[in-house]
Amino acid sequence: MAHTAMSGNGTTAGDDPLQTAVWRLRSRACWADAAALLLPDTPAAALQRASLLVERCLYTEQGWEEAEDALRTAEALAHSDDERGAAACERGYLAYAATLLAVRDRADEARAALGRAAALIPPGAAQRALLDFRRGLLAENLTRSPQAARAAYRRAHAGATAHSDPLLLSFTWRHLAGLALRDGELAEARHGFAESLRIREELGYLVGTAPALVSLADTETEPEASRLREEARRLFRLLGGVPTWLARQLTPLPPAAGATA
């Protein structure tokens with residue numbers, strides 16, 4: 001299952017104390033606490049608050065109504081094309097998450113919202129890379145079109161590189177690697193997963209580190225694979241079982257018949 005977060009460098013320009021605090025809480029799976037620091041009285045603050053609460057839905061499978069409320073506030077405050085496009089991108093992402101996690105089928109809404117965002121956000125804009133990435137997610141996980149997904153991920157990767165967005169790069173590396181693994185390109189997959197993990201560790205993005213460890217483990221041999229999965233389990237427990245969907249991948253295999261503990 002493919003998941004991603006909103007964009008963000010993981011560092012803050014000028015060491016803005018508010019943004020530093022928001023990042024630290026977000027990276028430790030404290031989205032509600034991070035959102036509480038933001039007053040939704042400007043388009044940018046309202047959008048960031050909505051993005052945090054949408055991300056929480058994807059990682060915890062909870063908080064849908066609060067995310068909807070925050071998103072409606074962001075949509076109401078948006079006036080420029082860039083602001084409306086960014087809000088539409090979040091709307092599409094929330095609908096995607098609800099569909100992916102089988103809360104409710106909102107695939108048509110996701111496609112329409114991301115299409116609306118594409119009409120508002122010009123090619124080459126910083127926000128376009130995140131939009132391209134999310135369109136890739138739809139192609140991979142809802143439309144089941146890996147070729148379209150790969151093209152979208154590559155556009156997102158190029159955009160994230162051009163606009164110095166390392167967190168988004170960690171996601172494009174990860175999802176391009178996932179497609180490579182599906183195609184049997186083990187070395188390419190291992191490299192992409194390793195790059196994704198490296199970036200997340202450097203940024204201190206704890207909530208995304210356990211999934212990165214599990215993905216890299218899938219390309220390694222023993223004993224390295226078991227070491228990586230055990231480290232992922234430790235982080236998963238540390239963050240209170242978040243992301244929830246990772247539990248299925250971390251559940252140990254049942255012991256063989258006759259085996260002892």
Test log, rule side-chain contact (heavy atoms from CB on, under 4.5 Å), inputs L114 and R134: CA-CA 8 Å; L114 294 186; R134 290 175 174 176; 4.2 Å; yes

Residue pair L120 / R116, side-chain heavy-atom distance below 4.5 Å: yes

Closest non-hydrogen atom pair, R144 against P146: O-CD, 3.4 Å

Pair R200, T209: side-chain N/O donor-acceptor within cut-off below 3.5 Å: no

Side chain R135, main chain L131, donor-acceptor under 3.5 Å: no

Pair R91-E68, salt bridge (charged side-chain N to carboxylate O under 4.0 Å, His left out): steps then yes or no: CA-CA 9 Å; R91 168 66 62 188; E68 288 283 358; 2.7 Å; yes

L246 versus P211, closest heavy-atom pair with distance: CD2-N, 3.8 Å

Y96 and E109 side chains, donor-acceptor separation under 3.5 Å: no

Salt bridge flag under 4.0 Å for residues E140 and R150: no

D183 side chain to E185 backbone, donor-acceptor under 3.5 Å: no

Closest approach of L77 to D41 (non-hydrogen atoms, all atoms of both residues): CD1-C, 4.4 Å

Short N-O contact, E55 and R49, less than 4.0 angstrom: no

Heavy-atom neighbours of R198 CZ exceed 12 at 6.0 Å: yes

Aromatic contact, F133 with H157 (centres under 6.0 Å): no

Student check: side-chain heavy atoms of V103 and E61 closer than 4.5 Å: no

CA sep, side-chain torsions, deciding dist, call: R227, E230, side-chain contact (heavy atoms from CB on, under 4.5 Å): CA-CA 5 Å; R227 185 193 70 78; E230 186 52 42; 5.9 Å; no

L52 side chain near V22 side chain, heavy-atom distance below 4.5 Å: yes

Smallest separation among heavy atoms of L250 and A232, with atom names: CD2-CB, 3.9 Å

Salt bridge R229-D218, side-chain N to carboxylate O under 4.0 Å: yes

Minimum side-chain heavy-atom gap L235-L213 below 4.5 Å: yes

Side-chain (T143) to main-chain (S145) donor-acceptor, under 3.5 angstrom: no

Cluster link L101 to L53, ILVMFWY, side chain under 4.5 Å: no

R111 side chain vs L138 backbone, donor-acceptor pair below 3.5 Å: no

Validation row: L167, W23 side chains within 4.5 angstrom (heavy atoms): yes

Shortest non-hydrogen contact from L58 toward W245: O-NE1, 3.1 Å

Residue pair C57, L94: steps toward the side-chain contact (heavy atoms from CB on, under 4.5 Å) verdict: CA-CA 8 Å; C57 292; L94 182 61; 4.1 Å; yes

Nearest atoms (heavy-atom pairs only) where A129 meets A156: O-CB, 3.3 Å

Listed partners of R84 passing side chain to side chain donor-acceptor pair (under 3.5 Å), at least two apart: D81

Short side-chain donor-acceptor distance under 3.5 Å, S215 and R174: yes

Path from L197 to Y153 over hydrophobic side-chain contacts below 4.5 Å: yes

Q147, CD atom: more than 12 neighbouring heavy atoms under 6.0 Å: no

Test item: V207 and Y59 side chains (from C-beta on) under 4.5 Å apart, heavy atoms: yes

